[in-house]
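Chain letters run A, B, ... following the sequence lines, proteins first, then strands; residues in each count from 1. Everything numeric here is computed off the predicted structure, so don't read it as measured data.
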Amino acid sequence: MKQYFLTDQDLTAFVEGLMSKYPVLAPVAKRSRFVFERLESVDELRLDYDTTILPPKKAFFPAKQDLIHFDQDGFNACIDPKEQVLLGVHPHDIKGIAMSDIFYSDRKVDNNYMANRNATIIIGSSVQNHYKHAFFGSINAERAMTGHDMFMTKIDGGYTVETVSEKGESLIALGSFADATDEQVAQAAAVNKAAMDNCPEKLNGTADEIREKVRSNFDSAVWEECAKDCFSCGSCNIVCCTCYCFDVQDEWNLDGASGKRFRLWDACLTSEFSEVTGPVGAENFREERAERYRHRFMRKAAYLNEQLGGPACTGCGRCSGACTANIANPATVINKIMEL
Amino acid sequence: MAKVKCAWFDFTSCEGCQIELTNFGEPFVELLEHVEPVEFREAMSEKTEEQIDVAFIEGSFSREADRRRLEQIRARASIVVAYGACAVSGGVNAMKNHTSDYAEEVYGEDAKRPHLASQKALPIAEAIKVDFIIPGCPIDKAEFVRVVEQLVHGTTKVYVPSYPVCVECKRRETLCRYDDNDHCLGPIARAGCDAPCPADGIPCEACRGMIDNPNEAAMEKVLVENGKLPERWAKDKTRMFTANHRGDA
Amino acid sequence: MSKNVNINVHHLTRVEGHGNIVVNVTDGSIEQCQWQVPESPRFFEAMVRGRHYSEVARITSRICGICSVGHTLASLKATECALGIKVSKQTDRLRRILKHAENFDSHVLHVYFLVAPDLLGAPSVFPLVPTHGDVVKRALRMKRLGHEWGSLIGGRTTHPTRAVVGGFSSLPGGARTVREGEANLRELKEKLLGCVPDAVETFKLLGDLAANIPAFDRPTEYIGLVDDVEYGLYDGQVGTLMPDGTREIIDVQDYRSVTNEYVVDQSTAKYCKHNLDSYAACALARVNLNYDMLHPEAKKIAEGLGFAAPCFNPYMNSVAQFIEAVHSVYMTVQFIDEVLADGLKDEKPVEPTKFGKGAGATEVPRGILFHEYAYDDEGFCTMGNCIIPTGQNHANIQGDFDKLVPELLAADKSEKEMELALEMLVRAYDPCISCSTHYLDVTFKK
Amino acid sequence: MSCSCQQNEKQENIFLPKIADIVDAKMITGTEKHFTLRLQNGEKFDYEPGQIVEAGVFGYGEIPLGLSSSPTNSDTFDLVVRVVGKVSTALAALNTGDTMTLRGPLGTGFPVDEFKGKDVLIVAGGIGLCPVRSMIQYILQHREDFGKFSLFFGAKTPSDMLFEEDLENWRCNTCMQYLETVDKPDNAWEGNVGVITTLFEEATDLTPDTHVIICGPPIMYKFVIAELDKIGIPRSNVYVDLERRMKCGVGKCGHCQINDKYVCLDGPVFRFSDIENLEEAI
Ligand SMILES: Cc1cc2nc3c(=O)[nH]c(=O)nc-3n(C[C@H](O)[C@H](O)[C@H](O)COP(=O)(O)OP(=O)(O)OC[C@H]3O[C@@H](n4cnc5c(N)ncnc54)[C@H](O)[C@@H]3O)c2cc1C
Ligand code: SF4
Ligand code: SF4
Ligand code: SF4
């Protein structure tokens, strides 16, 4: 909608303005890594973060979310959205959020997600430091960012701030913004382009080429080979901004009469994910760790492309870092397959 | 709902799991609304000859002499729950299982005196049929309540995750030990505890045992390559709580 | 007097671990009078061999679930001594808080769950739920406070997670930031001060019940930590107090000259002796040794309950425990204030400077506890030794039996009364039997 | 209650169940219980043969179950639960007068219109009879809308045979060809013995443009398809009922995903030719 400029000095006052009106979730340090957490004080804000352990979708879809509370007399839904600001989301994570928006609203709308999502104002920010495994420059690069309200790009002396929705525009009143000059807008574009170009890792191939090649290698020995060290630990799933699976469980409270039904992030790499109980015991539709490992790459590179209009991966690199066995890196695996 | 008659029994253990139960505080009284303790040596002098609905057994089976007591408990109880690592897998007691000179190390010449006899530390299930398990060293009291509530409601299948602790670390957004220049057994350790150890900055020692089909070879490799453990340590690492789960047990 | 008594208490209830009481009197003459420990041995000293120093406390903590904080701290101190590590002031203070939490926690458990039923004439705490609901709820509330207090510092009270060699692995409450950690400490302080009314009620209850505490005196040697920072609990040197008031101070590294362990047939736990045939290590020993160092509020409680040091009645150990519980509340408040005054810091645990041998001692609720280890050049353990207070008390319990049984016979007590008196005596020591069955005196080795 | 839901009641919530009264409940084998249900508040339950529900009991959970009665049956509908684990046991513990929770109907059922005017063959193995019973009932109720109707049913043992009353009726029903077999007979069993494919030897008059439904354990599909191939029935005329783990039943939880299909939304009924080349489907 409009382009503004915010000086470094004025950032604090703007964020404090946001905090006075909304709960603000933003990247803060957690020892050697970063996490999105409710800001208690502006001095904790780290817009220079490389990536967070978990993706920002946890703001609308926490790892554990109550769905229904029940007691002897009946049951109640738990949809109870609160307005909030999600500040400092990187461009590829904004795309990731847009993808989960599709998952949770396509065909049947999941208001346990969407209600929170709709109550969230998203302020994006440019990548100032790359996560060592990031490859967002070579995947979904042409996909436009959608669904956010404002975007801040770090340039000399401050931030070029673009408002992209009414809500975003309304936030301008909370800080002292100047109109951005053409130069500042141009510099911001250059900064964001450079961030895309300078990713430490890169995929070799277009989305279509990758989809074809990965799919045609369904029966290849490569999966077995790559998954040899896999723990089936699911870390690669849980940290992924486009993984969306969950488990549902019931639990009683201590009184034994009331309780809740909740959902928990689940992981298709774990052995029980596709297990069913039949008359003769458990049967697993993906018994072998290599099958589960392959399933993840199929989902990322092929299965969901149609629904999402592109691969189900943003190139954030979180999975590569989360994998203790060092085998989850999509750039490594897909490039290897592309050479087959 | 009739109250469920519960009894607690202990074998070779530190009794820390029952201590965890006292840590509930006041809510414990709420549990007593549908659970009736009928025998609990550490906490009560009452004993019962009646049939018990649920017997909770803590501690390892580590002396042949205990077999009869266990069989008697089995005969008296409709449901037997092994709770705590010692009872579920042998726990920390099993650390000595691969050695032979442990008695001499502790008692010296006296080791041969008959009352000091001991065998390998084994899970309770090696002596009697166990219906449900609550793993952990100590148990997680939230899980204990979860299980008890299910038993009270007649659930026939109590869910214990078969995925590893990493899942729970990630859900809590804990900094991975490997990202903190440490090591960890989380990738092969059974979850269900909500991963308190890595969250507190220490490695998961797999006190809940290993998952089904743990990738032990990869674990050893990761301990050496990422955890920077000397090879001998990496080889022995899983003896602490999972000696009886190891491929070489 | 031609009396026959046959007491055979197999697996005494309401104590931690397994112990038997066997008394046989035929025609008025005592044929057998024994405190037996049949608990199965667990061999921790053998198990720590070959383990890395970072794992040792985690393993030895599992010696006992009730005093696992104490085992952890004694183990860490021994390891730190062996590795030439000096922890920071902040670590020292936080560990003291953790130690006080355990003391409070365990004493509340003992006084309310194990002793109070005896004094209220109930077989356990459960029948008290309908009759004394408020007492039970108060007990559970205080127990929970002890747990939250210790957990805030140690991560967990049963096998604490955060206390590691060289310091702590995370800030109080697992805080992400120092600010949050300080807020957690402040909140704990409020909670502690908030428990004063519960403590006052407990004081009244004990005052009412004090009349039911049996009169029995047996002067013995008392052994416990004496410290110049505070009442001997977390740290210090070994102090001994003889019935005649003579005191002696021994360096912790020389603990073996105090404990002098030996194996007896009636027990899987070893026995100990120092100047006399037996000695006591317990809350009573600590109060006797350190009465002057008690917090003024705790002293008030002692006076109110008619406790005068030195006290030679082992049944009074429960009263001593309550005095200590109150002391722990106020000392923790003091340490929290000290930590906050200096400003909480996010400190990394201190690294080893050498690899060798060292001993460490701390007081656990039931008395002084020693750990000792030796490490090879790579930091792997080559030797371990733990001497547990209940083990140190077994001989003293036997000594008490030897004096008490004839007295009970002389007073013409019934078999039931005698049995109860003996059971109550053992319970008064708050024994931790399972942990007493794993310790080693290397002098016995080959 | 602690959560504020009043204001959200109008907001559609895919997890909020309806409550159904159990009108009738009986064990029909050692491990299967047959429920007849009616929605509370007189609400009508509209569904198609082959669709599923998520049935549940609070505190235990929810599981997917196939509807096993014809939708044209008055205002009640049937479910059959086989006791295998946690939720199924809790459901089977319920009796007439109790309630259970229901979400649905969910998924895609059998393409009834496509079958109209055609010969129909239904091949059911074991508990696979439950979900297709809705279609069987429908066909029998609208007999004139369909051509020749055959039903093949195979069970492990005679005591595993569900819906005894139905079977009795079908055996003597002249409007349909009913063939049955068991893997392991007992002393009283006088019928066929052998795997379900042996029934094809008896049925000689199946035509290539028969429309077929297969429902049973996964291993059964391959062998039955081979028989159909022999007859020359095109795979596009064949429908299968797939089973996968399901948590939400509405295409969100990801458990039932096969390639780009969700069994709970795109199925559980699939045209065989649509999925035969889908990796991991069969
Ligand atoms: C489309 C469809 C139709 C079905 N129709 C029927 C029917 O008509 N009658 C009937 O008795 N059963 C039917 N089932 C199977 C039934 O859903 C399972 O038996 C049931 O889920 C087992 O749950 P449990 O809690 O009793 O078992 P547990 O072993 O305790 O299961 C634990 C969890 O695993 C999952 N799970 C286990 N087995 C299955 C399974 N087979 N399918 C899906 N999830 C599973 C569930 O999420 C369950 O909550 C159907 C399944 C599907 C997918
Ligand atoms: S697959 Fe890996 S790189 Fe791609 S979005 Fe998920 S976590 Fe990020
Ligand atoms: S690929 Fe890596 S992160 Fe994913 S399940 Fe396997 S070991 Fe875990
Ligand atoms: S800390 Fe341990 S359990 Fe947690 S993610 Fe890392 S390896 Fe897994």
Legend entry - Heavy-atom pair count under 4.5 Å with chain B, highest-scoring of A/D266, A/V35, A/L269: A/V35
Inset, instruction - Would you indicate whether B/E36, at its atom CD, is surrounded by more than 12 heavy atoms from other residues, nucleotides or ligands within a distance under 6.0 Å? - result: yes
Inset, instruction - Indicate yes or no for a side-chain donor-acceptor contact from B/H34 to the backbone of A/L254 under 3.5 Å, with no hydrogens or angles considered. - result: yes
Inset, instruction - Heavy-atom pairs under 4.5 Å with chain A are the metric here; pick the option from B/C166, B/P187, B/P164 that has the most. - result: B/P187
Inset, instruction - Could you pull out the closest heavy-atom pair between B/K170 and A/V239, with the gap in Å? - result: CD-CG1, 3.2 Å
Inset, instruction - Can you tell which part of A/K64 gets under 4.5 Å to a heavy atom of chain B, answering side chain, backbone, both or neither? - result: neither
Legend entry - Approximate separation, where rounding is to 0.5 Å, of B/T174 OG1 and A/I53 CD1: 7.5 Å
Legend entry - side chain to side chain donor-acceptor pair (under 3.5 Å) partners for B/T238, two or more places apart: B/R246
Legend entry - Side chain B/R171, main chain A/W265, donor-acceptor under 3.5 Å: yes
Legend entry - Interchain contact, B/Y163 with chain A, by part (heavy-atom threshold 4.5 Å): both
Inset, instruction - Using non-hydrogen atoms and a 4.5 Å limit, figure out which bit of A/Q249 sits close to chain B: side chain, backbone, both or neither. - result: side chain
Inset, instruction - Using a cut-off of under 4.5 Å on heavy-atom pairs, state which of A/N237, A/N253, A/D250 scores highest against chain B. - result: A/N253
Legend entry - Nearest-0.5 Å distance, CD of residue A/E272 to CG of residue B/D212: 9.0 Å
Inset, instruction - Select one option (side chain, backbone, both, neither) describing which atoms of B/Q150 are under 4.5 Å from chain A's heavy atoms. - result: both
Legend entry - chain A contacts, top residue of B/V167, B/I211, B/V165 (heavy-atom pairs, under 4.5 Å): B/V167
Legend entry - Heavy-atom check, side chain of A/D229 versus side chain of B/V222, under 4.5 Å: no
Legend entry - Heavy-atom closest pair, residues B/C176 and A/T324: SG-CG2, 4.2 Å
Legend entry - Over all atoms of both residues, closest heavy-atom pair of A/K228 and B/N215: O-ND2, 3.0 Å
Legend entry - Heavy-atom contact with chain A under 4.5 Å, split by part of B/V145: side chain
Inset, instruction - State whether the number of non-hydrogen atoms from other residues, nucleotides or ligands found under 6.0 Å of B/K228 atom NZ is greater than 12. - result: yes
Legend entry - Atom CG of B/N213 with >12 non-hydrogen neighbours under 6.0 angstrom: no
Inset, instruction - Verify, without hydrogens or angle tests, whether A/S32 (side chain) and B/D179 (backbone) share a donor-acceptor contact under 3.5 angstrom. - result: yes
Inset, instruction - Keeping the roles fixed (side chain from A/K30, backbone from B/E173), state whether a donor-acceptor pair exists under 3.5 Å. - result: yes
Inset, instruction - Select one option (side chain, backbone, both, neither) describing which atoms of A/N326 are under 4.5 Å from chain B's heavy atoms. - result: side chain
Legend entry - Nearest heavy atoms of A/R31 and B/L175, plus distance in Å: CB-CD2, 3.4 Å
Legend entry - Largest heavy-atom contact set with chain B, pairs under 4.5 Å, which of A/C230, A/A267, A/P62: A/C230
Legend entry - Pick from B/E225, B/R172, B/E30, B/R177 with the largest number of heavy-atom pairs that fall under 4.5 Å of chain A: B/E30
Inset, instruction - Supply the atom-to-atom distance A/C233 SG to B/I188 CD1, rounded to the nearest 0.5 angstrom. - result: 11.5 Å
Legend entry - ring-ring contact (aromatic ring centres under 6.0 Å, His included) partners of A/F231, counting only residues at least two apart: none
